[in-house]
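Everything below concerns the one structure shown next.
By convention in this document, chain letters (A, B, ...) are assigned in the order of the sequence lines, proteins followed by strands, and residues within each chain are numbered from 1. Small disclaimer: the values here were computed from a predicted structure and weren't measured.
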Amino acid sequence: MYALVDCNSFYCSCERLFRPDLWKRPVGVLSNNDGCFVSRTKELKALGVKMGEPYFKVRDLCEKNKVAVFSANFSLYTNMSDRVMSTLAQFTPELEIYSVDEAFLNLSGLEHRGPESYGRLIKKMVERHTGIPVSVGIAPTKTLAKIANHLAKKNDSTGGVVYLPDERTQNEALSKVAVEDIWGIGKRNSVKLRMLNIKTAKDFKDYKNDKQIQNIFTKVGRMTQDELRGRVCFKLSLVPSKKKEIISSRTFGQAVYDIKDLREAVANYASLACEKLRHQESVCSMIEVYVRTNPFKEVAQYHASESFKMGAHTADTRKVIKYAWEVLDKLYQHGYEYKKAMVRISGITDKNCGQLSLFEAGDSKESDKLMEVIDKINDKDGPGTLKFAACGVNNLAWKMQQSLKSPRYVSSWSEIPSVN
DNA sequence: TCTGGGGTCCTAGGACCC
DNA sequence: TCTGGGGTCCTAGGACCC
């Protein structure tokens with residue numbers, strides 16, 4: 001048996017933790033630049049605010065209904081996520097942290113505890129230890145556990161826990177779930193499924209022509225179908241695998257025109273990506289840069305990307321910035337309103353396993369040492385304490401807007417709440 | 001005025017090898 | 001009239017996830 005534990009409206013729940021006055025009020029959290037809603041409480045959903053809805057479109061509605069709206073505060077969310085996950089780890093030897101707010105638990109060997117009551121215990125303990133409300137779905141495959149979790153979230157009468165032990169309960173559940181709500185079936189594929197007259201998860205499970213499913217939906221679609229039938233295709237992945245590519249991108253707070261500003265932004269994103277790269281003890285050999293104007297605005301549009309393959313692997317921020325700038329220089333066209341830039345590094349392998357080059361030197365010992373010192377200082381004294389001059393200083397034109405950000409209650413000494 | 005960020009996997013097709 | 005067989009690697013594009 002697998003349990004899927006999923007935090008309810010995770011970012012919003014984090015915001016509510018230190019604000020008891022918000023416990024009954026609708027709460028929403030916005031994407032970067034206070035752009036779109038990325039997390040909503042049930043009260044906000046009930047007001048008709050959709051996932052991904054641009055804030056400016058529903059601002060009046062929010063004000064009228066006293067919605068508490070926040071800028072994203074990721075240091076708070078990742079910190080709370082760690083606490084939730086370490087609580088969950090106490091309930092199973094096999095835990096897969098699937099995302100910031102979700103984890104799969106292997107309950108094999110714990111049958112004597114009674115899966116459903118064990119699920120209720122997990123829910124209670126997470127809520128007691130962290131204050132974050134969760135839903136629990138339990139079933140023999142991950143896909144079925146997802147279904148169970150979906151139903152637990154949707155129906156208050158379940159008390160937030162749904163257990164699907166056998167074919168009878170599974171069939172009953174599957175017939176209540178629309179195809180688009182199956183894990184792994186997205187927008188495109190659900191349209192195709194509906195054309196085959198497959199409307200519910202139960203219809204999909206029962207659809208007999210496996211070959212056809214394989215042809216239309218590839219191997220993954222077939223595996224999903226098998227999982228609905230109770231055959232395990234997706235196992236837990238217990239060790240978090242290293243990233244094969246690392247992307248760093250932001251929409252700018254204001255449009256920028258000058259290549260100097262773009263260079264600063266790109267240098268910052270390259271630095272961020274390299275920090276993540278070194279954190280997982282890897283090196284990269286490919287750098288891609290992408291820039292674009294604002295597609296929502298009626299101005300001259302432009303977007304372009306290009307990549308550069310290095311002769312030798314590196315984890316040295318200086319090199320990556322240098323090459324990223326060379327690529328940027330090629331892409332840059334004067335006269336456009338740029339609104340976003342991206343840096344992607346790939347060709348990632350383990351440090352010390354990078355292919356050497358006859359013609360280009362790899363990272364020197366001095367380079368490794370320098371990066372190590374920079375990372376250590378930033379780790380200790382906060383991100384950006386030490387940075388490259390290429391990244392610019394203060395009042396950056398492209399800096400993002402985050403006017404509604406809550407304090408870093410649990411990750412900054414100066415922002416810890418005080419109790420009177 | 002104002003619209004996010006970061007990933008993975010699969011497949012087909014092209015280019016190449018003997 | 002008639003033109004082999006077997007493979008690998010890479011990339012772009014599409015689909016999905018949170």
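Atom CZ in Phe217(A) sits roughly 9 Å away from atom P in dC16(C) (whole-Å rounding). Taking atom CZ on Arg344(A) and atom P on dA12(C), their separation rounds to 10 Å, with Å as the unit. The NZ atom of Lys142(A) sits 19 Å away from the P atom of dC16(C) (whole-angstrom rounding). Computed from coordinates, the Asn215(A) CG to dC10(B) C1' distance equals 14 Å when rounded to whole Å. Regarding Asp6(A), its CG atom lies at a distance of 14 Å from the P atom of dC17(C), rounded to whole Å. Regarding Glu306(A), its CD atom lies at a distance of 14 Å from the P atom of dT11(C), rounded to whole Å. In this entry the distance linking CD of Glu102(A) with P of dG6(B) reads 19 Å, nearest Å. Here the P atom of nucleotide dG5(B) and the CG atom of Leu30(A) are 13 Å apart, to the nearest Å.
Using a 4.0 Å heavy-atom cutoff across all strands shown, Glu245(A) reaches at least one base atom of the nucleic acid. Note on Lys146(A): only backbone sugar-phosphate atoms sit closer than 4.0 angstrom, heavy atoms only; bases stay farther off. Counting any heavy atom pair closer than 4.0 Å across all strands shown, Asp34(A) reaches no nucleic acid atom. Residue contacts for Asn33(A): at a heavy-atom cut-off of 4.0 Å it reaches no nucleic acid atom on any strand shown. At the heavy-atom level, Tyr98(A) lies under 4.0 Å from the strands shown only through sugar-phosphate atoms.
Ranking dT8(B), dA15(C), dG4(B) by closeness to the Lys244(A) side chain, first place goes to dT8(B). Side-chain atoms of Lys243(A) lie closest to dT8(B) of the nucleotides dT8(B), dC18(C), dC2(B). Considering only the side chain of Phe56(A), dT3(B) comes nearest among dA15(C), dT11(B), dT3(B). Of the candidate nucleotides dT3(B), dT11(B), dG4(B), dT11(B) has the atom lying nearest to any side-chain atom of Lys219(A). You'll find that the side chain of Lys297(A) is closest to dC2(B), out of dC2(B), dT11(B), dA15(C). Picking from dA15(C), dC18(C), dG5(B) the nucleotide with the shortest atom distance to the side chain of Asn32(A) gives dG5(B). The side chain of Asn189(A) sits closest to dC16(C) out of dC16(C), dG4(B), dG6(B). Closest contact between the side chain of Thr218(A) and the listed nucleotides dT8(B), dT11(B), dG7(B) involves dT11(B). Distance from the side chain of Ser31(A) is smallest to dG4(B) among dT3(B), dC16(C), dG4(B). For Asp101(A), the side-chain atoms get nearest to dC18(C) when compared with the rest of dC18(C), dG6(B), dC16(C).
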Apply the test side chain to side chain contact (heavy atoms under 4.5 Å, CB included) to residues Ile138(A) and Tyr2(A): give CA-CA distance (whole Å), side-chain angles for both, the deciding distance (0.1 Å), then the verdict. CA-CA 6 Å; Ile138(A) 305 167; Tyr2(A) 295 106; over 6 Å; no

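Both tests do not hold together for Lys339(A) against Phe252(A): distance to the six-membered ring centre under 6.0 Å, angle to the ring axis within 45°.
Of the residues listed (Val134(A), Thr87(A), Asp101(A)), the one engaging Val5(A) in a side-chain contact (heavy atoms from CB on, under 4.5 Å) is Val134(A), and it is the only one.
Comparing Pro54(A) and Leu272(A) along DNA chain B, the residue whose closest nucleotide (by nearest heavy atom) sits nearer the 5' end is Pro54(A). Position along DNA chain B of the nearest nucleotide to Arg59(A) versus Ser248(A) favours Arg59(A) as the more 5'-ward residue.
Between the side chains of Asn155(A) and Ser157(A), no donor N or O sits under 3.5 Å from an acceptor N or O. Between the side chains of Ser403(A) and Asp34(A), a donor-acceptor pair is found at a separation under 3.5 Å. There is no side-chain donor-acceptor pair under 3.5 Å between Thr251(A) and Asn33(A).
Side-chain nitrogen and oxygen atoms of Ser249(A) include at least one within less than 4.0 Å of the OP1 or OP2 phosphate oxygen of dG6(B). Contact between the side-chain N/O atoms of Lys340(A) and the OP1/OP2 oxygens of dT3(B) is not found at any separation under 4.0 Å.
dC18(C) and dT3(B) have their P atoms separated by 26 Å, given to the nearest Å.
Aromatic ring centres of Phe308(A) and Trp325(A): separated by at least 6.0 Å.
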